[in-house]
Amino acid sequence: QVQLVESGGGLVQTGGSLRLSCTASASESDVGLNAMGWYRQAPGKERELVAVAFSRGGKNYADFVEGRFTIPRGNAENTVYLQMNNLKHEDTAVYYCNLRTCVGLTDYWGQGTQVTVSS
């Protein structure tokens with residue numbers, strides 16, 4: 001069983017920045033090729049993809065990111081970050097780290113970290 005732990009959430013004003021981090025208890029050596037990414041869920045809304053980073057270097061971003069976020073993988077293959085700049089009030093949500101294995105397509109989820117952007 002893979003465990004994911006997120007950190008870095010908090011309260012910021014519009015235009016501010018946050019850097020989220022996620023560390024998994026497994027790496028590519030343990031689970032094979034994989035993607036690590038971030039999803040978010042705001043009150044009354046469905047969970048949505050923010051960004052993903054594949055273990056071999058590819059990255060994808062949701063349209064609403066608008067160039068404001070980046071999702072670097074750490075030097076360790078079991079770590080991923082979400083650098084969020086120029087935050088908007090609409091970014092307020094619980095952000096969840098996700099790992100999906102490319103063999104078996106198994107999903108693992110963190111507990112979530114709250115991001116609140118005030119006006």
Side-chain angles (χ1 to χ4, degrees):
Q1 186 72 46
V2 177
Q3 295 183 342
L4 305 177
V5 179
E6 308 107 324
S7 64
L11 173 64
V12 299
Q13 294 184 347
T14 298
S17 297
L18 284 173
R19 184 176 177 87
L20 308 182
S21 65
C22 174
T23 300
S25 62
S27 66
E28 183 177 327
S29 297
D30 301 312
V31 302
L33 294 172
N34 65 83
M36 294 187 71
W38 294 91
Y39 292 70
R40 71 184 189 185
Q41 187 167 22
K45 299 184 64 177
E46 296 182 348
R47 187 173 298 186
E48 62 183 347
L49 174 70
V50 179
V52 294
F54 299 93
S55 61
R56 296 300 175 93
K59 295 180 175 66
N60 290 322
Y61 298 91
D63 288 342
F64 64 75
V65 167
E66 300 174 329
R68 299 175 297 127
F69 302 170
T70 58
I71 183 170
R73 295 286 291 255
N75 291 331
E77 293 180 351
N78 63 340
T79 302
V80 68
Y81 304 91
L82 183 66
Q83 178 65 49
M84 302 186 291
N85 302 315
N86 194 24
L87 283 161
K88 304 175 180 180
H89 182 261
E90 308 89 84
D91 296 317
T92 296
V94 177
Y95 284 70
Y96 297 90
C97 185
N98 167 266
L99 184 151
R100 173 174 289 185
T101 63
C102 296
V103 178
L105 298 177
T106 301
D107 281 301
Y108 301 92
W109 296 94
Q111 295 297 309
T113 184
Q114 177 71 48
V115 171
T116 302
V117 184
S118 63
S119 60

State yes or no: do Val94 and Val5 share one hydrophobic cluster built from I, L, V, M, F, W and Y residues joined by side-chain heavy-atom distances below 4.5 Å, directly or via other members? no
Report the C-alpha separation of Asp107 and Asn98 in whole Å, then their side-chain angles, then the decisive distance to 0.1 Å, and conclude whether the side chain to side chain contact (heavy atoms under 4.5 Å, CB included) test is met. CA-CA 7 Å; Asp107 281 301; Asn98 167 266; 3.1 Å; yes
Taking the side chain as everything from C-beta on, heavy atoms only, tell me whether Val115 gets closer than 4.5 Å to Leu20. yes
Step through the shown structure and confirm whether more than 12 heavy atoms of other residues, nucleotides or ligands are within 6.0 Å of CD on Glu66. yes
Distance-minimising heavy-atom pair for Leu99 and Met36: CD1-CG, 3.9 Å
I'd like to check Thr70 versus Tyr81 (side-chain heavy atoms, cut-off strictly below 4.5 Å). Are they in contact? no
Between Cys97 and Glu6, the two heavy atoms sitting closest are N-OE2, 2.8 Å
Can you name the closest pair of heavy atoms from Ala62 and Leu49 and give their distance? CB-O, 3.3 Å
Taking atom CD as the centre, does Gln111 end up with more than 12 heavy-atom neighbours from other residues, nucleotides or ligands that are less than 6.0 angstrom away? no
Using every non-hydrogen atom in the two residues, find where Ala24 and Val2 come nearest and quote the distance to one decimal. CB-CG1, 4.2 Å
Could you pull out the closest heavy-atom pair between Lys45 and Glu48, with the gap in Å? NZ-OE2, 4.4 Å
Find out whether Glu90 and Phe64 are in side-chain contact, i.e. whether some heavy atom of one side chain is under 4.5 Å from a heavy atom of the other. no
Tell me whether Gln13 contacts the main-chain N or O of Ser118 through its side chain, where contact means a donor paired with an acceptor under 3.5 Å. no
Taking the side chain as every heavy atom from C-beta outward, state whether Arg68 and Asp91 have any pair of such atoms under 4.5 Å apart. yes
Answer yes if the side chains of Thr101 and Asn34 hold a donor-acceptor pair under 3.5 Å, and no otherwise. no
Minimum-distance pair of heavy atoms, taken over all atoms of Gln114 and Ala93: NE2-O, 3.4 Å
Would a hydrophobic clustering, with Ile, Leu, Val, Met, Phe, Trp and Tyr connected at side-chain separations under 4.5 Å, put Phe54 with Val31? no
How long is the straight-line distance from OG of Ser21 back to CD of Gln83, given to the nearest 0.5 Å? 11.0 Å
Kindly say whether Leu87 contributes a backbone atom to a donor-acceptor pair with the side chain of Ser17 at under 3.5 angstrom? no
If you define the side chain from C-beta out and look only at heavy atoms, does anything of Arg47 sit under 4.5 Å from Tyr96? yes
Side-chain heavy atoms of Met84 within contact of Trp38, under 4.5 Å: no
Do Tyr61 and Tyr39 sit in one hydrophobic cluster, given that two such residues count as connected whenever their side-chain heavy atoms are within less than 4.5 Å of each other, even indirectly? no
Any Val80 side-chain heavy atom under 4.5 Å of Ile71 side chain: yes
Any chain of hydrophobic side-chain contacts (each under 4.5 Å) joining Tyr95 to Val52? no
Verify, without hydrogens or angle tests, whether Thr92 (side chain) and Val117 (backbone) share a donor-acceptor contact under 3.5 angstrom. yes
